[in-house]
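The structure under discussion appears below in the form of structure tokens.
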Amino acid sequence: MTGDKEHKAKADHIKKSLEDFDNEIKQLQQKMFEFLSVELLSEFETINGRIALNKRNALRLAKLDASMDAFKQKYAAKPFAKLAENMVKMIELTSDYFRATVGADKTISNIKDKVKNYRALVGLNESGGVIRGSFIDKLADNAEMRTKIANYMRNAVEGQMNYRDFAKGFRDMVIGKDGINGAYERYVGNYAHDMFFNQSQQQENFFAQQLGLKYFIYRGSEIETTRPFCRDRHGKAFSVEHAKTWNDIDWSGKIPGVDILQQRGGYACRHQFVYVTEQAAKRMGIYELDTESGTPVKVDK
């Protein structure tokens, strides 16, 4: 099908970007453990092998926020800035796909001029740094992750925990163990993946609206945990008009109040609405949901 090569290039970019990010946050967890061990853990005062409940250790706890800020600036900002740069890169790949699909003469000549402040939207300043307070910045310093670490340390001090047990538990919390994810994987990984796929779909939707495309193919990978909602639609062509009726149905994983053109299959969905011309959709056969069974049936052969 026209545009397959360009669509694959974008899909490959998404896959590699997220694989690289996942590897980088695993390394980041190791760095966090080492950094906080030097900054805080090694400073705790103990009595008979147990963490002392005293003023010195209370001051060490109060230092956590400053230490986490320093860690973000020194280590965490870089992989998240790279993730955002890869989202910006998707604009060009999306443009390539639509140029191949509908023809260069009908494609927006410079999408980056049309998507105003896109770099700022994904959280980057013009020099490539992460904008303070942006979503990507908050991912780099996840509030829930910081709270869990702070609570663990406070409980260890207040409970006068055995220091060796404390250090091992802290390592397991930050780095992970035995198939259990570490801190960044647990509190950040899924949000980052969702953000990447959501930005990809927003770009697809923007192009399609500008170009007047009314049909799409529901595309993506199928794995063991793929929802029936996605599995039933995978590889099939639908009209945008019909897809909007999906807002009125319920399914496992649906995000309440979020439009179908953005959420696709719902929470953590890795599928995309890949827009095509009406002619291409008709060649494939256009589907709609059967009103009784709720399964897709071909309505245009």
Side-chain angles (χ1 to χ4, degrees), residues 18 21-46 50-84 122-124 129-196 198 255-258 267-268:
L18 293 176
F21 176 76
D22 289 346
N23 289 331
E24 286 173 347
I25 61 173
K26 285 181 182 179
Q27 296 173 28
L28 197 61
Q29 291 169 166
Q30 179 68 41
K31 290 178 181 176
M32 176 187 277
F33 173 73
E34 294 168 357
F35 184 86
L36 293 180
S37 292
V38 172
E39 287 281 309
L40 294 176
L41 271 66
S42 63
E43 297 293 319
F44 279 134
E45 189 174 76
T46 61
R50 307 186 77 85
I51 299 174
L53 180 58
N54 59 20
K55 183 177 180 179
R56 175 186 171 90
N57 286 344
L59 291 174
R60 295 282 74 76
L61 288 177
K63 186 183 174 184
L64 176 62
D65 277 341
S67 295
M68 291 293 288
D69 288 341
F71 176 79
K72 182 179 73 172
Q73 294 301 318
K74 188 172 183 179
Y75 296 110
K78 186 176 179 180
F80 286 88
K82 181 180 176 182
L83 184 73
V122 299
L124 291 176
V130 174
I131 298 172
R132 188 174 181 83
S134 66
F135 184 73
I136 200 82
D137 180 59
K138 292 176 181 177
L139 276 182
D141 184 23
N142 181 269
E144 184 180 6
M145 178 178 69
R146 186 183 282 217
T147 298
K148 292 291 185 180
I149 291 173
N151 287 343
Y152 179 78
M153 288 187 174
R154 186 181 67 255
N155 291 337
V157 172
E158 292 176 352
Q160 301 175 66
M161 190 175 182
N162 177 278
Y163 183 82
R164 287 188 177 182
D165 292 342
F166 163 72
K168 182 181 183 303
F170 183 74
R171 179 186 180 88
D172 292 343
M173 170 186 283
V174 174
I175 298 177
K177 68 163 188 174
D178 301 331
I180 299 175
N181 289 335
Y184 271 103
E185 294 170 290
R186 187 182 314 124
Y187 297 110
V188 174
N190 284 338
Y191 288 117
H193 281 238
D194 285 348
M195 178 177 64
F196 213 99
N198 289 343
I255 308 172
V258 178
Y267 291 105

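Fair warning: this is a prediction, and the values are worked out from it, not measured in the lab.
- Distance check: Glu34 CD to Ile175 CD1 gives 7.0 Å after rounding to the nearest 0.5 Å.
- Considering every non-hydrogen atom in both Ala156 and Ile51, the closest pair reads CB-CD1, 4.0 Å.
- Using a distance-only test at 3.5 Å, with no hydrogens or angles considered, a donor-acceptor pair links the side chain of Arg186 to the main chain of Asn181.
- At least one donor-acceptor pair under 3.5 Å links the side chain of Asn57 to the backbone N or O of Glu45.
- To the nearest 0.5 angstrom, Glu24 atom CD is 4.0 Å from Lys82 atom NZ.
- Rounding to the nearest 0.5 angstrom, the gap separating the CD atom in Glu185 from the CG atom in Asn190 is 10.5 Å.
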Test log, rule side chain to side chain contact (heavy atoms under 4.5 Å, CB included), inputs Leu28 and Phe80: CA-CA 11 Å; Leu28 197 61; Phe80 286 88; 4.1 Å; yes
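- Closest non-hydrogen pair, Val130 versus Ala77, comes out as CG2-O, 3.8 Å.
- The local environment of NZ in Lys26 is sparse, with at most 12 non-hydrogen atoms from other residues, nucleotides or ligands closer than 6.0 Å.
- Contact record, Gln29 with Ala183: OE1-N, 3.3 Å, taken as the closest heavy-atom pair.
- Heavy atoms of other residues, nucleotides or ligands lying less than 6.0 angstrom from OH of Tyr191 number 12 at most.
- For the residue pair Tyr267 and Pro256, the shortest heavy atom distance occurs at OH-CD, 3.9 Å.
- Here Asp172 pairs with Lys168 in a salt bridge; the nearest charged N to carboxylate O distance falls below 4.0 Å.
- For Arg154, the CZ atom sits in a packed shell: over 12 heavy atoms of surrounding residues, nucleotides or ligands are nearer than 6.0 Å.
- Of all heavy-atom pairs between Phe35 and Ala70, the closest is CZ-CB, 4.0 Å.
- Rounding to the nearest 0.5 angstrom, the gap separating the CD1 atom in Ile149 from the CZ atom in Phe170 is 5.5 Å.
- A 4.5 Å side-chain heavy-atom check between Arg60 and Val157 finds every atom pair outside the cut-off.
- Residue-environment remark: NZ (Lys63) exceeds the threshold of 12 foreign heavy atoms within 6.0 Å.
- Under the 6.0 Å cut-off for aromatic ring centres, Phe196 and Phe21 do not qualify, their centroids lying 6.0 Å or more apart.
- Counting only heavy atoms from C-beta outward, the side chains of Ile131 and Leu124 never approach each other to under 4.5 Å.
- Contact check for Glu43 versus Arg56: side-chain heavy atoms found under the 4.5 Å cut-off.
- Side-chain contact between Phe71 and Glu39: absent, with no pair of heavy atoms (C-beta onward) separated by less than 4.5 Å.
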Fill in: Leu83 and Leu18: CA distance, side-chain angles, deciding distance, side chain to side chain contact (heavy atoms under 4.5 Å, CB included) verdict
CA-CA 8 Å; Leu83 184 73; Leu18 293 176; 4.1 Å; yes
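- For the pair Leu139 and Met195, the minimum side-chain heavy-atom distance is below 4.5 Å.
- Atom NZ in Lys177 sits 12.0 Å away from atom CZ in Arg171 (nearest 0.5 Å).
- In terms of modelled atom types and a separation under 3.5 Å, the side chain of Tyr163 and the main chain of Leu41 share a donor-acceptor contact.
- Ring geometry for Phe44 versus Phe166: interplanar angle over 60°, hence perpendicular rather than tilted (30 to 60°).
- Put simply, the side chain of Gln160 never gets that close to the backbone of Leu53: no donor and acceptor are under 3.5 Å apart.
- What you find for Ala140 and Ala76 is that their closest heavy atoms are O-CB, 3.8 Å.
- Note that CE of Met153 is 5.0 Å distant from CG of Leu40, once rounded to the nearest 0.5 Å.
- Using a cutoff of 4.0 Å between basic side-chain nitrogens and carboxylate oxygens, Arg146 and Asp69 are scored as salt-bridged.
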